[in-house]
Amino acid sequence: MPEGAEGRAVDVALPLRLGRLTYRHRGALVPGARVVVPLKEKEKIALLLGEASSPPPDLKEVLSLLDKAPIVPPRLLEFLLWVAEFHLAPEGEVLKYALPASLFRQPKKKKLAPFEGPLLEKPPGSFEATLFFAEDVEERATFLLRKVRETLSGGEGGVLFLVPDRELLNFYRERLKDLSPLVYTGDLTPKKREEAWFAVLKGERRLVLGTRLALFLPFPKLDLLVVEEEEHHGYKQEEGFRGHFRDLALMRAQTEGARLFLSSAGPAVKSFYLAKRGKYHLERANPKNVPFTLVDLRSQKGLLSRKLLNRLRKVLARSKRALLFLNRLGYAPVLMCEECGHLWVCPRCQIPLRLLKAEGKLRCRICPYELKASPLCPSCGGGAPKPLGTGTERLAEILKTFFPEARAGFYGKPGWQEADFIITTARIPRFVEIPGLSLVAVVLADQLFTQSSYLAAERAYQLLKRLSLLSVRYPEAEFLIQTYRPSHHVFKGLRWGYEAFYQEELLFRYQQRYPPFGRLAELILRPAPKILEEVEEFSENFLKEKGLDYAGPLVESPRGNPRLFYLLRASRSGFLQGALRELKEALLARFGGRVRFVADMSPE
DNA sequence: AGCACGCCGACT
DNA sequence: GTCGGCGTGCTC
């Protein structure tokens with residue numbers, strides 16, 4: 001609609017799980033500025049996106065234009081809209097996550113402060129991406145900090161340094177102290193987030209250290225974007241729109257014309273592949289291969305091999321300490337009746353309940369369901385429930401039988417710092433100090449390979465690598481791994497270097513058509529309970545007709561609210577995108593708002 | 001976000 | 001019987 005006495009039709013978005021809405025607007029067209037609009041008899045603050053492409057009739061009017069200049073610069077707005085489109089998410093959903101909530105709230109007493117501008121946005125620089133691969137975090141820090149300093153002193157644009165978690169944030173906060181970075185994380189108060197937003201927008205702060213949502217800050221110009229530990233799953237967002245911020249960072253760097261550094265201790269196979277294919281420059285520090293002892297459990301009985309028992313004996317004899325890694329909580333993952341074969345399962349999720357002996361409970365590992373452990377079988381009334389498999393709790397019990405004099409503790413639980421044997425799951429910090437550590441033992445590596453994600457091997461490699469590097473920090477420490485599959489390529493990687501692992505893993509990905517050779521998407525549908533069967537039939541028909549390769553649906557119904565999960569696979573990403581978009585529209589046409597549609601374009 | 005509608009547990 | 005809990009559907 002052209003501008004005239006009636007004004008023009010414009011699209012706006014509110015920070016809600018809601019797509020764009022269209023209004024009539026007589027004022028100036030300032031995309032990225034806030035406007036006040038009527039919504040259901042109330043006044044709301046929204047973000048002006050731009051002119052509407054196909055305006056419906058009977059529009060309400062924009063009440064006023066709030067800001068003189070955009071609070072979201074044009075390139076950032078373009079990026080945000082792309083993020084929404086890419087994830088098949090409503091614009092408002094992305095907005096809600098990206099911008100401080102306080103920017104859309106009417107202050108209680110005083111009048112709302114408009115942003116006066118001016119808009120400082122500068123022309124983009126030239127995009128360039130590098131994968132920097134160094135096992136040692138100190139080595140990465142040195143390299144990355146040099147890049148940060150060079151960029152800050154060499155240009156006028158901003159530097160954004162992303163970390164995946166709190167621990168690494170603290171590490172880099174310390175290293176960057178003299179450059180006094182703006183620290184931006186999800187747990188800042190809305191007011192603090194707003195202050196930070198404007199400080200960046202006005203060019204007052206050029207260096208930001210933050211977690212993933214800092215990726216949306218409004219730099220007038222961005223020169224350098226660092227994604228430290230790009231392989232870390234902390235970059236994967238699982239609520240709201242589902243996205244991978246490593247991949248989003250690539251897109252942001254492209255739209256901003258920034259230099260991107262993906263920094264890694266053991267790259268995601270996908271990242272290394274892209275680097276090998278020339279999409280990124282590759283900078284590889286000298287590999288650090290840590291010697292280790294591999295124990296073949298097939299020739300042993302029980303979980304504690306002779307070798308491990310010997311080493312533990314030695315640890316005790318020399319008054320040293322051991323870290324025992326077992327990635328399984330509780331006493332046993334499965335409880336079964338030996339008389340009738342009854343299996344204790346979660347009534348909601350239909351998966352075996354885990355036995356927590358000390359608490360006297362059985363608990364589901366997916367949902368919060370729990371059950372008091374009873375000595376009798378509910379099925380046959382017999383008294384022979386048998387725990388199958390070994391968790392950390394049972395490991396402590398077994399250790400006690402071999403070493404009655406030793407103190408065993410669980411990492412993070414009271415008393416662990418005095419323990420001779422420290423038992424831990426994967427949740428072990430990077431920078432943990434364990435004085436006197438002389439053995440790091442992985443009790444059962446196989447659990448790492450059997451996790452259902454296609455990334456299982458990659459994650460196993462990364463975790464074992466991290467443990468190996470932990471062990472070298474203690475000069476006398478030995479690194480020992482027990483497994484039933486000693487020929488697994490993860491061990492080749494640990495012995496000969498990442499590349500040895502990568503070669504074989506890439507072959508597996510190729511054969512199974514997993515990324516980087518195919519694209520996966522997870523589709524999550526949440527129909528109203530009544531129409532569950534109808535929706536299931538409709539979506540399956542659709543997927544079949546489209547010729548999509550899919551698995552599912554997996555149906556879960558926590559508290560009677562059904563969710564359908566499908567895993568889709570295709571060789572071309574455009575095909576998946578298009579099909580999902582069509583399905584979304586078809587579902588909307590058929591069922592209206594009674595089905596919620598969520599697409600995860602990078603499921604793990 | 002708010003506001004309205006709708007279906008299952010304790011009560012003046 | 002009803003009051004009201006939250007789950008969910010809608011907003012140009």
Side-chain angles (χ1 to χ4, degrees), chain A residues 1 3 6-27 29-31 33-66 71 80-81 84 88-108 112 186 189-191 193-194 213 239-241 348 367-369 524-536 538 555-564 584-598:
Chain A
M1 186 191 290
E3 192 178 1
E6 298 85 45
R8 44 158 79 87
V10 294
D11 281 339
V12 309
L14 289 112
L16 311 174
R17 199 181 56 237
L18 182 64
R20 48 177 70 202
L21 300 178
T22 310
Y23 290 85
R24 186 182 308 286
H25 178 46
R26 297 171 195 280
L29 185 69
V30 189
R34 288 170 297 173
V35 288
V36 182
V37 295
L39 185 76
K40 277 256 193 94
E41 319 289 305
K42 288 219 153 193
E43 290 185 12
K44 292 280 175 181
I45 299 171
L47 196 75
L48 183 53
L49 303 180
E51 204 144 355
S53 46
S54 52
D58 308 329
L59 297 177
K60 290 190 186 175
E61 292 232 11
V62 169
L63 299 171
S64 66
L65 178 65
L66 244 172
I71 60 164
L80 292 174
L81 296 180
L88 292 94
E91 282 87 351
E93 176 107 78
V94 174
L95 219 67
K96 176 179 151 187
Y97 184 74
L99 307 198
S102 57
L103 287 175
F104 297 95
R105 278 207 282 265
Q106 205 77 239
K108 285 273 176 301
L112 211 138
T189 63
K191 201 67 211 159
R193 280 184 69 184
E194 183 179 334
L213 91 166
E239 67 280 336
F241 73 92
R348 291 185 257 203
C367 77
Y369 178 82
I524 305 152
L525 299 177
R526 300 179 55 183
K530 278 189 230 157
I531 54 170
L532 170 62
E533 281 80 16
E534 238 181 308
V535 168
E536 198 173 332
F538 186 85
V555 186
E556 280 176 22
S557 294
R559 290 179 304 277
N561 304 313
R563 285 156 206 219
L564 300 167
K584 187 181 181 181
E585 267 151 39
L587 283 166
L588 186 70
R590 176 80 169 72
F591 301 102
R594 288 160 352 131
V595 186
R596 203 138 114 211
F597 178 103
V598 178

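Residue numbers start from 1 in every chain, and the chains themselves are labelled A, B, ... in the order their sequence lines are given, proteins ahead of strands. Model, not experiment: these values are computed from the prediction.
Contacts between residues 93-106 of chain A and DNA chain B, defined by a heavy-atom separation under 4.0 Å, are made by A:Lys96.
Side-chain contact between A:Glu534 and A:Glu536 is absent, with no heavy atoms from C-beta onward closer than 4.5 Å. Using a 4.5 Å cut-off on side-chain heavy atoms (C-beta onward), A:Val12 and A:Arg34 make no contact. Residues A:Phe538 and A:Arg590 form a side-chain contact, since some pair of their non-hydrogen atoms from C-beta on lies under 4.5 Å apart.
In this structure, A:Lys584 contributes its side chain and A:Leu88 its backbone to a donor-acceptor pair below 3.5 Å. Formation of a donor-acceptor pair under 3.5 Å by the A:Tyr97 side chain with backbone atoms of A:Glu239 is not found in this model.
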Next on the checklist: Let's go through A:Lys60 and A:Val37 carefully: what are the C-alpha distance in whole Å and the side-chain angles of both, what is the deciding distance for side chain to side chain contact (heavy atoms under 4.5 Å, CB included) to 0.1 Å, and is it a yes or a no?
Outcome noted: CA-CA 8 Å; A:Lys60 290 190 186 175; A:Val37 295; over 6 Å; no
Item to check | side chain to side chain contact (heavy atoms under 4.5 Å, CB included) between A:Val535 and A:Leu525, intermediate numbers included | outcome: CA-CA 9 Å; A:Val535 168; A:Leu525 299 177; 4.1 Å; yes
Checklist entry - Does the pair A:Leu47 and A:Phe104 meet the rule for a side chain to side chain contact (heavy atoms under 4.5 Å, CB included), with working shown? => result CA-CA 9 Å; A:Leu47 196 75; A:Phe104 297 95; 4.2 Å; yes
Next on the checklist: Evaluate A:Glu91 against A:Arg20 for salt bridge (charged side-chain N to carboxylate O under 4.0 Å, His left out), listing each step before the verdict.
Outcome noted: CA-CA 6 Å; A:Glu91 282 87 351; A:Arg20 48 177 70 202; 3.0 Å; yes
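On the nucleic acid side, DNA chain B contacts chain A at distances under 4.0 Å to non-hydrogen atoms, with the end points of that region at B:dA1 to B:dC3.
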Pick out the pairs of N or O atoms, protein on one side and nucleotides 9-12 of chain C on the other, that lie under 3.5 Å.
{"residue": "C:dG9", "atom": "OP2", "partner": "A:Gly593", "partner atom": "O", "Å": "3.2"}
{"residue": "C:dC10", "atom": "OP2", "partner": "A:Gly593", "partner atom": "N", "Å": "3.4"}
{"residue": "C:dC10", "atom": "O2", "partner": "A:Lys40", "partner atom": "NZ", "Å": "3.0"}
{"residue": "C:dC12", "atom": "OP2", "partner": "A:Lys60", "partner atom": "NZ", "Å": "2.9"}
{"residue": "C:dC12", "atom": "O3'", "partner": "A:Thr22", "partner atom": "O", "Å": "3.3"}
{"residue": "C:dC12", "atom": "O3'", "partner": "A:Lys60", "partner atom": "N", "Å": "3.2"}
{"residue": "C:dC12", "atom": "O2", "partner": "A:Thr22", "partner atom": "N", "Å": "2.7"}

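Between A:Pro100 and A:Pro190, the closest heavy-atom pair is CB-O, 4.0 Å.
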